Amino acid sequence: MTPHSITAAASGTWTLGDLTVNRLGFGAMRLPQTGEAFATDAVPRDREQAIGVLRRALELGVNHIDTAAFYFSPLRSANELINSALAPYPDDLVITTKVGPGRSPAGDWIPHAAPDRLRGQVEENLRQLGRDHLDVVNLRIVGEDSIAERFGALADLRTAGLIRHLGLSNVRPGHLAEAQAIAPVVCVQNRYGIGADPEQDAFLHACGDQGIAFVPFYAIAGAGGQAGLTGGESAEVRAVARARGASPAQIRLAWTLARGPHVLAIPGTGDPDHLVANVAAGALRLSPEELASLDSAHAAG
């Protein structure tokens with residue numbers, strides 16, 4: 001089996017509420033630009049290349065796309081690219097978006113939305129995506145303050161039919177408990193991958209115990225974050241990659257998916273070859289010995 005023949009179905013499936021997705025999805029953060037995401041001087045990605053990557057992702061069985069209205073660069077918006085490339089949307093495609101953060105037209109970050117501004121952000125995502133409802137909306141936060149008012153505002157929009165399911169992003173276990181008391185949570189999207197904060201391991205398992213998807217961001221980039229993978233790769237990851245004839249990025253994705261059946265992956269890229277490689281990683285099944293070696297790299301941070 002060649003990488004080009006592997007589809008996202010090889011990664012297995014999970015259900016977000018009543019929506020079934022392949023566990024290997026696609027993140028749109030890198031789509032609007034080349035280089036580092038959110039840089040105000042970012043070079044816009046070639047439009048046809050971006051649209052081609054999105055269409056190829058669906059051909060490869062990807063049916064879960066993560067996006068946000070604040071994913072944009074000069075001239076390019078992730079939501080607009082998704083709309084142009086994929087509408088009318090396939091019935092099985094699940095689009096997850098995030099609200100809370102905001103950026104000015106110039107690309108500068110502005111204060112997170114208060115409860116009374118979240119509807120406007122939801123409606124902006126609806127408009128950009130050309131949808132009458134959003135499949136999943138994650139409330140993304142910064143800090144440890146209560147999220148009850150903000151999550152409650154989104155729960156009201158869910159009741160009104162603008163949102164189908166709710167999730168959380170960049171949160172702590174206490175936030176999840178607070179949200180669950182208001183409305184069902186189908187996913188938690190937190191920073192996670194080899195070398196992540198050990199506290200996230202316990203949170204990942206707690207989500208699994210509750211039937212909630214855990215959706216890591218920066219699973220490949222690690223400490224590089226929005227700039228992408230930087231610096232040297234660990235000896236353990238390199239060794240497993242050599243033995244498997246795979247890239248370190250593929251090994252990181254395979255390890256992430258092996259953390260539990262409720263763990264999803266949303267690697268993002270604007271490069272067609274990287275897309276194929278990322279999807280193929282969903283078919284990798286690491287041995288107990290390989291997992292033990294990678295776990296040691298994870299514990300070492």
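As the structure is a computational prediction, the values presented were derived from the model and not from experiment.
- In this structure, OG1 on T96 lies 11.0 Å from CG on N125, to the nearest 0.5 angstrom.
- Within the structure, the side-chain hydrogen bond (donor to acceptor under 3.5 Å, both in side chains) test picks out the following pairs touching residues 284-301 (sequence neighbours left out): D201-H298, R244-E290, W255-D295, R259-D295, S287-E289, S287-E290.
- Judged by distance alone, the side chain of Q200 and the main-chain N or O of D197 form no donor-acceptor pair under 3.5 Å.
- Shown are V137, V122, L134; of these, the side-chain contact (heavy atoms from CB on, under 4.5 Å) with L157 is made only by V122.
- In this structure the side chain of R131 reaches within 4.5 angstrom of the side chain of H133, judged on heavy atoms.
- Between A241 and P248 the shortest heavy-atom distance is CB-N, 3.9 Å.
- Using a 4.5 Å heavy-atom threshold, the side chains of L19 and D135 count as touching.
- For the pair H175 (side chain) and R172 (backbone), a donor-acceptor distance under 3.5 Å is present.
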Could you tabulate the donor-acceptor pairs under 3.5 Å formed by side-chain atoms of residues 143-152, not counting sequence neighbours?
unit_1 : atom_1 : unit_2 : atom_2 : d
S146   : OG     : A148   : N      : 3.2
S146   : OG     : E178   : OE2    : 2.4
R150   : NH2    : S146   : O      : 3.0

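- To the nearest 0.5 Å, the span separating CD1 on I82 from OG on S77 amounts to 8.0 Å.
- The distance from atom CD1 of I194 to atom CZ of R252, rounded to the nearest 0.5 Å, is 5.0 Å.
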Quiz prompt | Full working for side chain to side chain contact (heavy atoms under 4.5 Å, CB included) between T269 and R30 | solution = CA-CA 6 Å; T269 182; R30 300 194 176 282; 5.8 Å; no
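- The CG atom of L58 lies 7.5 Å from the CG atom of D92; values are rounded to the nearest 0.5 Å.
- For R45 (side chain) and Q33 (main-chain N/O), a donor-acceptor pair under 3.5 Å exists by modelled atom type.
- For residues 74-96, no pair satisfies ring pair (Phe, Tyr, Trp, His ring centres under 6.0 Å), with sequence neighbours left out.
- Here the closest non-hydrogen pair linking A281 and A254 is O-CB, 4.1 Å.
- Counting heavy atoms from C-beta outward, V263 and P216 have side chains that approach closer than 4.5 Å.
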Validation: residues 181-189 side-chain donor-acceptor distances under 3.5 Å, sequence neighbours left out:
unit_1 : atom_1 : unit_2 : atom_2 : d
Q189   : NE2    : D66    : OD1    : 2.8

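- Listed here is the closest heavy atom pair of G268 and F26: CA-CE1, 4.4 Å.
- T15 places no side-chain N or O within 3.5 Å of a backbone atom of T20 that could act as its donor or acceptor partner.
- The side-chain hydrogen bond (donor to acceptor under 3.5 Å, both in side chains) pairs that include a residue from residues 202-212 number zero, where partners must be two or more places apart or lie in different chains.
- Distance check, rounded to the nearest 0.5 Å: CG of N278 to CD1 of I6 gives 12.0 Å.
- Contact record, N138 with G167: OD1-CA, 3.0 Å, taken as the closest heavy-atom pair.
- Although no hydrogens or angles enter the test, the distance criterion places a donor-acceptor pair under 3.5 Å between the side chain of T159 and the main chain of A155.
- The side-chain hydrogen bond (donor to acceptor under 3.5 Å, both in side chains) check on N83 picks up nothing, with sequence neighbours excluded.
- Here R103 pairs with nothing under the salt bridge (charged side-chain N to carboxylate O under 4.0 Å, His left out) rule; sequence neighbours left out.
- Contact annotation: the side chain of F203 approaches that of L176 to within less than 4.5 Å [non-hydrogen atoms, C-beta and beyond].
- Contacts of D41 classified as side-chain hydrogen bond (donor to acceptor under 3.5 Å, both in side chains), with partners at least two apart in sequence or in another chain: none.
- Screening T67, I51, L54 for a side-chain contact (heavy atoms from CB on, under 4.5 Å) involving L31 leaves a single residue, L54.
- Here R56 pairs with E59 under the salt bridge (charged side-chain N to carboxylate O under 4.0 Å, His left out) rule; sequence neighbours left out.
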Practice problem: Just do the side-chain hydrogen bond (donor to acceptor under 3.5 Å, both in side chains) check on N170 and N190 with the steps written out, would you? | Solution: CA-CA 5 Å; N170 202 41; N190 273 17; 5.9 Å; no
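- Taken from CZ in R242 to CD1 in I251, the straight-line distance is 11.5 Å, to the nearest 0.5 Å.
- For the pair V53 and G270, the tightest heavy-atom approach, listed with the atom from each and the gap, is CG2-O, 3.3 Å.
- Remark: side-chain polar atoms of D46 are paired, donor with acceptor, to backbone N or O of Q49 under 3.5 angstrom.
- With a 6.0 Å radius and a threshold of 12 heavy atoms from other residues, nucleotides or ligands, E199 has its CD atom at or below the threshold.
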Practice problem: Might you work through the side chain to side chain contact (heavy atoms under 4.5 Å, CB included) test for L93 and L86, ending with a clear yes or no? | Solution: CA-CA 10 Å; L93 177 63; L86 306 180; 4.0 Å; yes
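- Judged by distance alone, with hydrogens and angles left aside, the side-chain atoms of R23 form a donor-acceptor pair with the main-chain N or O of L257 at under 3.5 Å.
- By the salt bridge (charged side-chain N to carboxylate O under 4.0 Å, His left out) test, D18 is found to be paired with R164, residues two or more places apart in sequence or in another chain being considered.
- Taking 4.5 Å as the limit, some side-chain heavy atom of V237 sits within range of a side-chain heavy atom of S234.
- Looking at every heavy atom in both residues, L284 comes nearest to A246 through CD1-CB, 4.3 Å.
- Under the 3.5 Å distance criterion, with hydrogens and angles disregarded, no donor-acceptor pair is assigned to the side chains of S11 and N22.
- By the side-chain hydrogen bond (donor to acceptor under 3.5 Å, both in side chains) test, S84 is found to be paired with R47, E80, residues two or more places apart in sequence or in another chain being considered.
- Between W109 and F70 there is a side-chain heavy-atom pair separated by less than 4.5 Å.
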Exercise. Step by step, work out the side chain to side chain contact (heavy atoms under 4.5 Å, CB included) result for L139 and I141.
Key: CA-CA 6 Å; L139 174 64; I141 71 162; 3.9 Å; yes
Quiz item: Under the side chain to side chain contact (heavy atoms under 4.5 Å, CB included) criterion, do H64 and I266 qualify, and how do the steps go?
Solution: CA-CA 8 Å; H64 175 212; I266 48 170; 3.9 Å; yes
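- The side-chain hydrogen bond (donor to acceptor under 3.5 Å, both in side chains) check on E124 picks up R127, Q128, with sequence neighbours excluded.
- More than 12 heavy atoms of other residues, nucleotides or ligands lie within 6.0 Å of NE2 in H112, so this atom counts as buried by the packing criterion.
- Using the six-membered ring where Trp is involved, F38 and Y71 have ring planes that are tilted, between 30° and 60° apart.
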Quiz prompt | Test side-chain hydrogen bond (donor to acceptor under 3.5 Å, both in side chains) applied to R140 and S169, step by step | solution = CA-CA 4 Å; R140 181 171 175 82; S169 179; 3.0 Å; yes
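- The shortest distance between side-chain heavy atoms of H262 and I212 does not fall below 4.5 Å.
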